[in-house]
Asks: 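Let me give you the structure first, and then I'll get to my questions.
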Protein chains: 2
Amino acid sequence: MAETRTRGRRERLRAETTAEIKDVALRLMASGGPDAITLRAIAREMGMTANAIYGYFATRDDLVTALIDDVYTALADAVDAAWAAAAADDPAGRIRAWAHAFRNWALANPAGFRLIYGDPVPGYQAPEGGAAPDAAQRVCTGLTALAAVAWPKASQASPASEDFQWSDFDPGLLSKIRPAFPDLPPAAVALALRIWGHLHGLLCLEIYGHLRTQMLSPDKLFREELAQLVRSLGLAA
Amino acid sequence: MAETRTRGRRERLRAETTAEIKDVALRLMASGGPDAITLRAIAREMGMTANAIYGYFATRDDLVTALIDDVYTALADAVDAAWAAAAADDPAGRIRAWAHAFRNWALANPAGFRLIYGDPVPGYQAPEGGAAPDAAQRVCTGLTALAAVAWPKASQASPASEDFQWSDFDPGLLSKIRPAFPDLPPAAVALALRIWGHLHGLLCLEIYGHLRTQMLSPDKLFREELAQLVRSLGLAA
DNA sequence: TGTCGAAACTATACGGTGTGAAGTTTCGAT
DNA sequence: ATCGAAACTTCACACCGTATAGTTTCGACA
């Protein structure tokens, strides 16, 4: 038991250091953007040598990957929580809550948003698996859940023009969605992705500063977007 | 006259070198992404020293700015040309032509798209004026022209919920739009920006690889988006 | 309790980057 | 023929990621 305690101690220290590295990296990112994430800066902040970090992350990309995982998970948590907090019998309200949570999170963590959705860092290549794809699918799944509730009305308000097949979508995504919504057709998933694109586009333009050159009140535009979305889904109050 | 000839020669050489620098930079970007744009790599390619480039661009950011200007202008030219090539009496066709030109350009020049709309390069800060904002406004203006034609029908199909004012928009943008479309209300410009956001979002997700994790046929999704857009504008065939 | 060995960390080095200052060459204008 | 500006090179500096080798720390076990 002393054994497990001490071994636990080693692992605890290691976990703490790992957490501190990620913490410092996130702080640097928040203050100086994704490019401020340099091993040397992190080490400087921690009173270490840059090479010491290699004991915790094999490469800087691995660290960035870990950060993306954490940040993306935080985003997914935020929108899921907003969804859960809204009244279940008010689909339009849930969509609004979800979307506003998404935007508010992005505006509060612009560097995080860029880290997830932009070029995180020079030459970075995302790995295959990991928490980030999971979080992406959670976001996507949440959106599909919203679309699923609205689908019966939405599909008759504006049926899909393309004939979507299940084979058009990623099996991993479907494996999470289809069990939850057995009656959902492929076109509804396409709708969810389109909605994702709508919100993502406005947010990208805003966060990367392309909207501010044309529009002085992006929040008004976003609210209008949501109003039209709710209406197009046949959920208008 | 010998005077003007020789002075012209100096300037011509200078212009040629400037063009070659940008050319090499664009080639590097196309093959290795925006991050491959390094002064040293350019100089290496040209058989020069990296510092020689400082005679043409005061800083690397200035070079990147020049590239962004060129690339953004090329994009604006492409969509404008597609718009002009489509039949003037077919608003829906013009929208489709515009949007497909946008997407095709982006897919053909992913690095350029990232250069314009993403983090171009570590620590880059866009300057105030220049050709890029002009090109952005051309894109935006083109979109507004599309929205303007559709507005009479579109506004009664789905009127705006927010009350947009002219003061919500950038005066520079309005100065180009309002003279051309005197009867256009602010809400129509908001619609144009929303459409921009829709297309931009799908394209961003696709180009940055976030869509491919969920959807295997992005082009089908894009066509569906356009179909729904045309329908929502009351332009359905 | 003394010793071993693994883990954590440092030191040094290499090649890459942008950029500044100073020196050299080129070449048109007078 | 000469002057001077422009083009270019050389050298230097600080920063980056990362590989290698050496050093310290400290829990585990005889």
Side-chain angles (χ1 to χ4, degrees), chain A residues 1-22 24-25 28-29 31-67 119-125, chain B residues 1-22 24-25 28-29 32-67 119-125 127:
Chain A
M1 39 194 72
E3 184 180 303
T4 66
R5 202 188 315 145
T6 50
R7 181 188 302 161
R9 181 180 131 78
R10 276 242 236 205
E11 283 171 8
R12 205 193 61 227
L13 283 177
R14 183 176 181 79
E16 277 173 6
T17 306
T18 306
E20 191 187 350
I21 291 173
K22 293 200 287 187
V24 171
L28 287 171
M29 181 187 73
S31 69
D35 308 314
I37 305 174
T38 69
L39 297 186
R40 293 179 130 98
I42 295 168
R44 216 178 295 129
E45 198 94 357
M46 294 176 65
M48 293 200 321
T49 308
N51 278 355
I53 299 179
Y54 282 88
Y56 299 87
F57 298 95
T59 194
R60 197 188 59 147
D61 276 15
D62 285 12
L63 169 58
V64 171
T65 300
L67 293 178
D119 293 301
V121 92
Y124 174 80
Q125 278 294 343
Chain B
M1 38 192 70
E3 183 179 304
T4 65
R5 202 187 317 144
T6 50
R7 183 189 299 160
R9 181 178 133 79
R10 277 244 234 202
E11 284 171 6
R12 204 193 64 227
L13 282 178
R14 182 174 183 79
E16 276 173 7
T17 307
T18 306
E20 190 188 352
I21 292 173
K22 293 201 288 186
V24 171
L28 287 172
M29 182 187 75
D35 308 316
I37 305 174
T38 70
L39 298 187
R40 293 179 130 99
I42 295 170
R44 217 177 295 131
E45 198 93 357
M46 296 176 63
M48 293 200 321
T49 307
N51 278 357
I53 300 179
Y54 281 88
Y56 298 87
F57 298 95
T59 195
R60 197 189 58 147
D61 276 17
D62 285 13
L63 169 58
V64 171
T65 300
L67 293 179
D119 294 301
V121 92
Y124 174 80
Q125 278 294 343

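Below, chain A is the first sequence line, B the second, and so on; all start at residue 1.
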Asks: To the nearest Å, how far apart are E16(B) CD and dA6(D) P?
Replies: 19 Å

Asks: Can you work out whether A41(A) or A58(A) has the more 5'-proximal nearest nucleotide on DNA chain D?
Replies: A41(A)

Asks: Nearest whole Å is fine: how far is dA8(C) C1' from I21(A) CD1?
Replies: 11 Å

Asks: Donor-acceptor pair under 3.5 Å: do we get one between R40(B)'s side chain and the base of dG16(C)?
Replies: no

Asks: Do the side chain of T38(B) and the main chain of A41(B) share a donor and acceptor less than 3.5 angstrom apart?
Replies: yes

Asks: In whole angstroms, how far is the P atom of dC15(D) from the CG atom of L28(A)?
Replies: 15 Å

Asks: OP1 or OP2 of dG15(C) sitting under 4.0 Å from any side-chain N/O of R44(B)?
Replies: no

Asks: Could you state the atom-to-atom distance from CG of L39(B) to C1' of dC8(D) in whole Å?
Replies: 15 Å

Asks: Is the shortest side-chain N/O distance from Y56(B) to OP1 or OP2 of dA6(D) below 4.0 Å?
Replies: no

Asks: Just call it for F57(A): base, sugar-phosphate, or nothing, with non-hydrogen atoms closer than 4.0 Å on any strand.
Replies: nothing

Asks: Do the non-hydrogen side-chain atoms of L39(B) and F57(B) ever get within less than 4.5 Å of each other?
Replies: no

Asks: Distance check needed: dA6(D) P versus M48(B) CE, whole Å only.
Replies: 17 Å

Asks: Mind calculating the distance between CG (N51(A)) and P (dA7(C)) to the nearest angstrom?
Replies: 18 Å

Asks: OP1 or OP2 of dA7(D) versus the side-chain N and O atoms of R14(B): is any pair under 4.0 Å?
Replies: yes

Asks: Go through the steps for M29(B) and L67(B) under the test side-chain contact (heavy atoms from CB on, under 4.5 Å), then give the verdict.
Replies: CA-CA 10 Å; M29(B) 182 187 75; L67(B) 293 179; 5.5 Å; no

Asks: For R12(B) and dG28(C), give me the distance from atom CZ to atom P, rounded to whole Å.
Replies: 11 Å

Asks: If you assign T38(B) and T49(A) each to the DNA chain C nucleotide with the nearest heavy atom, which residue ends up on the more 5' nucleotide?
Replies: T49(A)

Asks: Quick one: I42(B) CD1 to dT19(C) P, roughly how many Å, whole number?
Replies: 11 Å

Asks: Look at Y54(A) and dT20(D) and indicate whether a side-chain polar atom (N or O) is within less than 4.0 Å of OP1 or OP2.
Replies: no

Asks: Knowing that exactly one of R12(B), E20(B), R14(B) qualifies, which makes a side chain to side chain contact (heavy atoms under 4.5 Å, CB included) with E16(B)?
Replies: R12(B)

Asks: In the structure I gave you, are the side-chain heavy atoms of Y56(B) and D62(B) within less than 4.5 Å of one another anywhere?
Replies: no

Asks: Classify the nucleic acid contact of T17(B) as base, sugar-phosphate or nothing, counting any heavy atom under 4.0 Å across all strands shown.
Replies: nothing

